[in-house]
Number of protein chains: 2
Amino acid sequence: MIRRLPQARDRGIPEATVARLPLYLRALTGMTERGVATVSSEDLALAAGVNSAKLRKDLSHLGSYGTRGVGYDVEYLIYQISRELGLTQDWAVAIIGVGNLGRALANYGGFVSRGFRIAALLDADPEIVGDRIAGLNVEHIDELEAVMARRGVSIVVIATPAAAAQQLCDRVTAAGVTSILNFAPVVLTVPDGVDVRKVDLSIELQILAFHEQRKADRESGGPVMAEEWQQGASA
Amino acid sequence: MIRRLPQARDRGIPEATVARLPLYLRALTGMTERGVATVSSEDLALAAGVNSAKLRKDLSHLGSYGTRGVGYDVEYLIYQISRELGLTQDWAVAIIGVGNLGRALANYGGFVSRGFRIAALLDADPEIVGDRIAGLNVEHIDELEAVMARRGVSIVVIATPAAAAQQLCDRVTAAGVTSILNFAPVVLTVPDGVDVRKVDLSIELQILAFHEQRKADRESGGPVMAEEWQQGASA
DNA sequence: ATCCCTTTGTGAACACATGCACAAAGTGAA
DNA sequence: TTCACTTTGTGCATGTGTTCACAAAGGGAT
């Protein structure tokens with residue numbers, strides 16, 4: 001019965017907008033490194049690969065941080081977006097499963113620079129436990145709950161084979177974790193209030209294959225619907 | 001102004017639907033392995049983690065493949081979805097960049113079982129070139145065009161550092177590739193007609209952090225209105 | 001054949017997202 | 001101050017996606 005009323009200081013930022021904020025943040029970071037102090041919605045949109053009206057509407061959800069006739073102050077906008085995304089605080093992340101993918105994640109620089117700290121690496125394989133990766137000791141999965149509590153882990157990345165994922169998911173949610181990034185190709189079942197985001201490498205390829213097939217169909221004189229080619233050329 | 005008329009045999013499947021088909025496919029594959037012959041939209045939706053009305057609407061875009069009062073034939077539906085996604089043909093994929101991520105991708109079983117064949121691994125690092133990974137020789141990036149042509153590569157995965165990505169993207173599109181899966185944290189610029197899908201590991205974490213922060217805010221009693229920064233601060 | 005039960009496929013209402021186009025608000029020059 | 005110019009922020013129209021709810025279709029029992 002209670003509907004979300006659109007309010008001035010509405011904290012309800014649309015999901016689609018949230019998903020793009022990191023994109024803007026990255027573009028802005030690049031600019032500040034190149035010494036750019038101020039940017040227009042047009043230029044920032046170009047750098048982020050979206051259109052400028054969308055960018056302005058997205059930013060308007062955070063507040064009114066631009067100056068008409070001038071643009072946005074790069075540093076200030078970085079701060080505002082970071083704060084909105086919660087990147088001004090430090091997040092302790094545990095990675096479960098230290099195969100190639102887990103290693104790639106542990107070594108990925110993009111995390112650290114955005115407030116994420118890899119606080120623990122865990123694996124079930126005794127061959128791997130004890131290894132030193134990205135400056136961290138790989139610990140045994142039996143220690144999961146203890147390690148998470150000790151290091152204040154609040155976000156967990158699951159990079160294990162599919163078969164182990166649900167059980168590990170149950171353990172981390174039981175331990176109070178409410179944010180999970182899942183790379184295992186299974187649909188995780190979680191209690192209410194827990195957020196799961198899923199990255200599925202093979203799904204992305206399947207979507208590409210779908211479009212690639214359509215392109216191929218079209219060239220070989222299939223059911224060509226010429227109207228789809230129209231979509232105006234942007235000057 | 002010719003608009004897309006809704007047609008009976010409309011090949012225009014909504015993007016949102018395409019993105020879910022691989023999910024259904026995986027759930028169905030699991031079922032067929034467990035010997036399930038027939039499944040209702042309710043059960044399949046549960047297994048795929050969506051609601052049943054959405055599932056039925058999605059499937060209705062492919063055609064009318066269910067039986068009222070009974071459900072869907074698992075094998076038949078697998079075939080129809082596979083065909084629609086273009087997985088009944090073999091796709092040759094090249095992976096550029098053989099770091100931890102490239103290795104993880106090369107070893108990921110989920111590709112092969114879905115019609116994707118890793119046909120080439122390429123890297124610029126002479127230390128890595130010549131290594132044998134997942135049954136393939138790592139080749140030098142100088143050979144890119146020759147290797148792609150020889151093996152009939154039509155989908156390219158970019159798993160290199162950000163700095164190298166755009167240049168490599170230019171080379172593969174120049175060579176005629178029109179489907180790219182990009183793991184490098186940059187916005188790639190491509191000619192018209194080229195599809196790029198992007199997987200950004202740190203974006204996913206940032207979205208999680210946003211929601212985690214909101215949960216934390218809520219618990220600590222209400223919307224904290226701290227307007228910490230004042231606009232004057234920046235140069 | 002008739003009846004009852006199950007489950008699909010879809011029209012229609014709603015919700016969310018995008019993009020155009022412009023008034024409002026700012027800068028800088030004279 | 002006034003004018004010319006730039007760029008934001010947003011109302012509105014349009015487009016896309018989701019969900020409800022039910023008629024239509026099929027199965028199986030009698």
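Throughout, a chain's letter reflects where its sequence line sits, starting with A, and its residues are numbered from 1.
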Engineer: CZ of R56(B) versus P of dT18(D): gap in Å, rounded?
Structural biologist: 15 Å
Engineer: Regarding R56(B) and S41(B), is there a side-chain donor-to-acceptor distance under 3.5 Å anywhere?
Structural biologist: yes
Engineer: Could you check how far CG of D73(B) sits from P of dT7(C), rounded to whole Å?
Structural biologist: 16 Å
Engineer: Between T17(B) and D58(B), do the side chains contain an N or O donor and an N or O acceptor separated by less than 3.5 Å?
Structural biologist: yes
Engineer: When you compare the side chains of E33(A) and T29(A), does any donor N or O come within less than 3.5 Å of an acceptor on the partner?
Structural biologist: no
Engineer: Both L59(A) and G69(A) contact DNA chain D. Taking the nearest nucleotide for each, which residue is further toward the 5' end?
Structural biologist: G69(A)
Engineer: Is it the case that the side chain of T173(A) and the backbone of C169(A) share a donor-acceptor pair, with hydrogens and angles ignored and the cut-off at 3.5 Å?
Structural biologist: yes
Engineer: With a 6.0 Å cut-off on ring centres, are Y76(B) and Y79(B) close enough?
Structural biologist: no
Engineer: Tell me whether the side-chain N/O atoms of Y72(B) come closer than 4.0 Å to OP1 or OP2 in dG9(C).
Structural biologist: yes
Engineer: Using whole Å, report how far NZ of K54(B) lies from P of dG11(C).
Structural biologist: 20 Å
Engineer: Roughly, in whole Å, what's the span from CG in L55(B) to P in dT8(C)?
Structural biologist: 8 Å
Engineer: Rounded to whole angstrom units, what separation is found between the CG atom of L44(A) and the C1' atom of dT7(D)?
Structural biologist: 13 Å
Engineer: Does a side-chain N or O from S40(A) land closer than 4.0 Å to OP1 or OP2 of dT7(D), or not?
Structural biologist: no
Engineer: Between atom CD in Q80(A) and atom P in dG9(D), what is the gap in whole Å?
Structural biologist: 12 Å
Engineer: Indicate yes or no for a side-chain donor-acceptor contact from W91(A) to the backbone of R114(A) under 3.5 Å, with no hydrogens or angles considered.
Structural biologist: no
Engineer: Starting at the 5' end of DNA chain C and moving along, which residue's nearest nucleotide shows up first, N51(A) or R68(B)?
Structural biologist: R68(B)
Engineer: Provide, to the nearest angstrom, the distance between the CD atom belonging to E42(B) and the C1' atom belonging to dT6(C).
Structural biologist: 12 Å
Engineer: Contact list please: residues 14-32 of chain A against DNA chain D, heavy atoms, distance less than 4.0 Å, in numerical order.
Structural biologist: none
Engineer: May I ask you to verify if any side-chain N or O of T67(A) is less than 4.0 angstrom from the OP1 or OP2 atom of dT8(D)?
Structural biologist: no
Engineer: Side chain of S64(B) only, heavy atoms from C-beta on: which candidate in dG27(D), dC20(C), dG9(C) is closest?
Structural biologist: dG9(C)
Engineer: What is the distance, rounded to the nearest whole Å, between atom CG of L62(A) and atom P of dG9(D)?
Structural biologist: 10 Å
Engineer: Where the side chain of K57(B) is defined as all heavy atoms beyond and including C-beta, which of dG9(D), dG11(C), dC20(C) is the nearest nucleotide?
Structural biologist: dG11(C)
Engineer: Distance alone, cut at 3.5 Å: any donor-acceptor contact between the side chains of E212(B) and S154(A)?
Structural biologist: no
